[in-house]
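Only one structure is covered here, and it is reproduced in the block below.
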Amino acid sequence: MKCTRIGLCCYSTASASTSHFNQRILHLKNASGATKLNDALQLFDEMLLRQPPPNITQFTQLISVIVKMKHYSTALSLFRQMRLMGIPSDPYTMTISINCHCRLNQVTYGFALLATIFKQGHPPSLATYTTLIHGLVLADRVFEAVELFKKLLRDKLCDPDQFTYGTVINGLCKVGHTSKALELLTFMESGSCKPCVQHYSTVIDSLCKDRMVDDALELFTHMTEKGVLANVITYSSLVQGLCNFGRETEAAKMLIDMEEVGVSPSVVTFNILVNSFCKQGSVKEAELAVQAMVRRGLHPNIITYNALIDGYCLRGEIEEAENVIDRVMEQDIVPNIITYNSLINGYCKKKRIDEARHLFQEIQDEGLIPDVITYNTMLKGLFESGNPAAARELFNKMQAKGLTPDICTYRILLHGMCKNSQCSDALALFRSPESKELVEDVGLYNILIDGYSKCGKHDLAMDLFDELHVKGLKPNVRTYTVMISVLCQQGLFGKAKDLLRKMEEKNGCLPDSVTYNVIVQQFLKQKAFQEAEILLEEMISRGFTTDSTTFEMLLNQIPSTRQDSPTQTIIQKLINIK
DNA sequence: ATAGGGTTAG
């Protein structure tokens, strides 16, 4: 096609190629597969070289395809190439560029482009503003996002639409300002841009995550009354919220409810239930839920099976877990690192450390990369099998492989070292510069205080308790329990009792069942029966009960007490509870 | 004709 003059020939060619490009763009929009990106880039090159250049809208459409595939830097480089070829940007391409920069964590650059839009003499559109608001949300600058949103309203720059509201509501939920999100939802209801199921679902989900399941259920009823139909995601969020609170029965009922109104539960919905049953140890119920999903024509996926495997492993039923692996393999589902983490954990719990080590090696030979959780599991197993040296070696190895230990790694290490009479090594690790970032953790102090007290170094334990306050960390119920135990072991019973009162009255930290058992046992050992009885009455009235050790110590008192003595009365009360 | 957001599982 050699058209040297502007004429009919060239015009018709351009028009033919326009529809040709349109077709290919349309095709790409619906395509999926490995060659999609390359095909798009190839088409872009052809379009860029075409004389006369194709319509800007075609470029916009094509680059949008690339953006949807999340190739933001590539999209930006294509805009750069267009500029070099003399194709000017317009408010549409600018908005896409802003979006790309925002996704690449360069919201500041996005605002620079906003200035360019102004300079070009265009008033920015709602889409541009919404993109920037979203950019601020992505950058965790939700306060500024809300300010910009308010500015739109105040200065009447644009009327927000469902996109804008959706972005702001999501941002508010993301930073935990669910009540503000709820206010905005109410504000929408009073205006002309009514909230839809997605807006409600976002807030419902956030309420569930804030542990306010009943508020979530209330909002769910409210949206239904407003005539907005819940979808599978709304229901799944609620199922999840209920399960997190141990309300599995209501969750299962929710599943029935949704089917009655014609919303089909998805694999995700069922997985939430399956997982929840497994976590609370009822793998049997979980298996029934899996059967129910299969009956509905849904296919369990690796997440379903991982839940079952983990459930069996937690119960120590390794054989059952291995059977699930076989079911996975039969269906050509590929196990992932999470599958193996559960299994390794199962072997470790059963003290079958050699099998754990073997599996750990085997998955690496297969090309799977262990994550921090794999290493944490192995470390715990090695310590518990009495091999701190191997644990230490593995800890070095994980760092050499570029994995950053997390707070759990340090807890496992410190606890393991203390248990294996390496308290001073534990403290050295705790003080080492590489763990500096993570040591602002009460849990680590609890472990060290406990460790030092158990090896008789009470002074050091007390020093650590003081240090915790200096660092501004708040002791929790475990810290107090350990400290109470330390004080008792030193014979400072008065101080122990004071601390028990102080934790609650001054620091708002309620003693739990362990706290009471620890202190009661100490008093019983000292034959301070009256003190023990007062505390036993208190713990019973608070709904706690004795553990087996405490109960046994009490029973041992029976021969030396009268029938109507306080001790026997308490024992009778405890029997009634149990 | 072309741009922007949103909720569910290990």
Side-chain angles (χ1 to χ4, degrees), chain A residues 18 22 25 54-65 67-68 75 89-100 102-103 110 113 117 122 124-135 137-138 145 149 158 160-174 181 185 195-209 216 220 223 230-241 243-244 258 265-276 278-279 286 289 293 300-311 335-339 341-342 373:
Chain A
T18 295
N22 271 336
I25 292 166
N55 199 319
I56 181 84
T57 62
Q58 291 186 315
F59 281 109
T60 311
Q61 286 183 47
L62 179 59
I63 296 180
S64 289
V65 170
V67 170
K68 290 224 170 68
S89 57
D90 68 6
Y92 291 92
T93 60
M94 295 289 277
T95 302
I96 302 175
S97 291
I98 292 174
N99 186 24
C100 291
C102 288
R103 304 284 187 154
L113 290 178
I117 295 181
H122 305 286
S125 69
L126 179 60
T128 311
Y129 282 120
T130 304
T131 309
L132 283 164
I133 291 172
H134 185 228
V137 169
L138 286 174
F149 171 73
C158 318
D161 64 5
Q162 300 215 324
F163 286 86
T164 326
Y165 281 109
T167 309
V168 178
I169 288 176
N170 178 250
L172 288 168
C173 290
K174 196 178 138 191
L185 204 59
C196 60
V197 61
Q198 288 89 337
H199 297 113
Y200 284 106
S201 298
T202 306
V203 181
I204 286 173
D205 186 62
S206 194
L207 284 169
C208 287
K209 297 217 160 93
F220 166 73
M223 74 177 262
N231 62 21
V232 62
I233 295 177
T234 325
Y235 280 105
S236 299
S237 290
L238 286 168
V239 168
Q240 170 78 342
C243 284
N244 281 343
M258 65 190 284
S266 64
V267 175
V268 174
T269 325
F270 274 103
N271 279 353
I272 295 168
L273 210 57
V274 170
N275 190 47
S276 179
C278 289
K279 277 240 169 75
M293 72 194 275
N301 58 20
I302 188 62
I303 297 178
T304 324
Y305 291 115
N306 280 348
L308 292 176
I309 291 167
D310 201 52
N336 56 24
I337 191 68
I338 297 172
T339 323
N341 285 347
S342 294
I373 297 178

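Below, chain A is the first sequence line, B the second, and so on; all start at residue 1.
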- Message: Classify A:Ile56 by what it touches in the nucleic acid, base, sugar-phosphate, or nothing, heavy-atom distance under 4.0 Å.
- Response: nothing
- Counting N and O atoms only, with roles assigned by atom type, does the side chain of A:Ser206 sit under 3.5 Å from a partner on the main chain of A:Thr202, one being a donor and the other an acceptor? no
- In whole angstroms, how far is the C1' atom of B:dG4 from the NZ atom of A:Lys68? 10 Å
- Whole-Å gap separating P (B:dG10) and CG (A:Leu273): 13 Å
- Rounded distance in Å - CG (A:Asp310) to C1' (B:dA9): 14 Å
- Query: In whole Å, what is the span from the CE atom of A:Met94 to the C1' atom of B:dG4?
  - Reply: 15 Å
- Note on the structure: Closest of B:dA3, B:dG5, B:dT7 to the A:Ile233 side chain is B:dT7
- Message: Is it the case that B:dG4 (base atoms only) and A:Thr130 (side chain only) share a donor and an acceptor within less than 3.5 Å, ignoring hydrogens and angles?
- Response: yes
- Query: Is A:Cys278 touching bases, backbone alone, or none of the nucleic acid, heavy atoms closer than 4.0 Å?
  - Reply: nothing
- Task: Could you check which of B:dA3, B:dA9, B:dG5 has an atom nearest any side-chain atom of A:Val268?
- Result: B:dA9
- Message: Distance criterion of 3.5 Å, no angle test: do you see the side chain of A:Thr202 paired donor-to-acceptor with the base of B:dT7?
- Response: no
- Message: Rounded to whole Å, please give me the gap between CG in A:Asn99 and P in B:dT2.
- Response: 17 Å
- Interatomic spacing from CD1 in A:Ile117 to OG1 in A:Thr95 - rounded to 0.5 Å: 5.0 Å
- Below 3.5 Å, does any donor atom in the side chain of A:Thr57 face an acceptor in the base of B:dT2, or the other way round? no
- Is the base of B:dA9 touched by the side chain of A:Thr304 through a donor-acceptor pair closer than 3.5 angstrom? no
- Message: Taking any heavy-atom pair under 4.0 Å as a contact, classify A:Thr164: base, sugar-phosphate, or nothing.
- Response: base
- Message: So does A:Thr164 get a backbone contact from the side chain of A:Asp161, meaning a donor-acceptor N/O pair under 3.5 Å?
- Response: yes
- Query: With sugar-phosphate meaning primed atoms plus P, OP1 and OP2, does A:Ile96 contact a base, only sugar-phosphate, or nothing at under 4.0 Å between heavy atoms?
  - Reply: sugar-phosphate
- Task: Give one of base, sugar-phosphate or nothing for A:Lys174, where a contact means two heavy atoms less than 4.0 Å apart.
- Result: nothing
- Task: Could you work out which one of B:dT8, B:dT2, B:dG4 sits closest to the side chain of A:Lys209?
- Result: B:dT8
- Message: Just the rounded figure in Å: distance from P of B:dG4 to CD1 of A:Ile133.
- Response: 15 Å
- Task: Find the distance between CG (A:Asn301) and CG (A:Asn306) and round it off to the nearest 0.5 Å.
- Result: 8.5 Å
- Query: CD1 of A:Ile337: more than 12 outside heavy atoms within 6.0 angstrom?
  - Reply: yes
- Looking at every strand, decide which applies to A:Ser236 at a 4.0 Å heavy-atom threshold: base, sugar-phosphate, or nothing. base
- Task: Using a heavy-atom cut-off of under 4.0 Å over every strand shown, decide if A:Thr269 touches base, sugar-phosphate, or nothing.
- Result: nothing
- Message: Distance criterion of 3.5 Å, no angle test: do you see the side chain of A:Asp90 paired donor-to-acceptor with the base of B:dA3?
- Response: no
- Using atom CE of A:Met293 as one end and atom P of B:dG10 as the other, report the distance to the nearest whole Å. 14 Å
- Nearest whole angstrom, please: distance from the P of B:dT7 to the OH of A:Tyr235. 20 Å
- Task: Taking only the side-chain heavy atoms of A:Asn301 (C-beta and beyond), determine which of B:dA9, B:dT2, B:dG10 contains the nearest atom.
- Result: B:dA9
- Message: Please pick, from B:dT2, B:dG10, B:dG4, the nucleotide with the shortest atom-to-atom distance to any side-chain atom of A:Tyr92.
- Response: B:dT2
- Within the structure shown, what part of the strands sits under 4.0 Å from A:Ser64 by heavy-atom distance: base, sugar-phosphate, or nothing? sugar-phosphate
- Please determine, for the side chain of A:Thr167, which listed nucleotide (B:dG10, B:dA9, B:dG5) has the closest atom? B:dG5
- Side-chain (A:Ser276) to main-chain (A:Ile272) donor-acceptor, under 3.5 angstrom: no
- Task: Indicate yes or no for a side-chain donor-acceptor contact from A:His134 to the backbone of A:Asn99 under 3.5 Å, with no hydrogens or angles considered.
- Result: no
- Indicate, with a heavy-atom threshold strictly under 4.0 Å, whether A:His134 touches base, sugar-phosphate, or nothing. sugar-phosphate
- Is the base of B:dG5 touched by the side chain of A:Asp161 through a donor-acceptor pair closer than 3.5 angstrom? no
- Message: Applying a 4.0 Å non-hydrogen cut-off, can you work out what A:Thr131 is touching in the nucleic acid: base, sugar-phosphate, or nothing?
- Response: sugar-phosphate
- Can A:Phe163 be classed as stacking with the base of B:dG4, given a centroid separation cut-off of 5.5 Å and a plane angle cut-off of 30°? yes
- Task: Assign A:Asn170 to base, sugar-phosphate, or nothing according to its heavy-atom contacts below 4.0 angstrom with the strands shown.
- Result: sugar-phosphate
- Query: When you measure from the side chain of A:Asn55, which nucleotide among B:dA3, B:dG10, B:dA1 comes out closest?
  - Reply: B:dA1
- So what does A:Ile272 hit on the nucleic acid, given a heavy-atom distance under 4.0 Å: a base, only sugar-phosphate, or nothing? sugar-phosphate
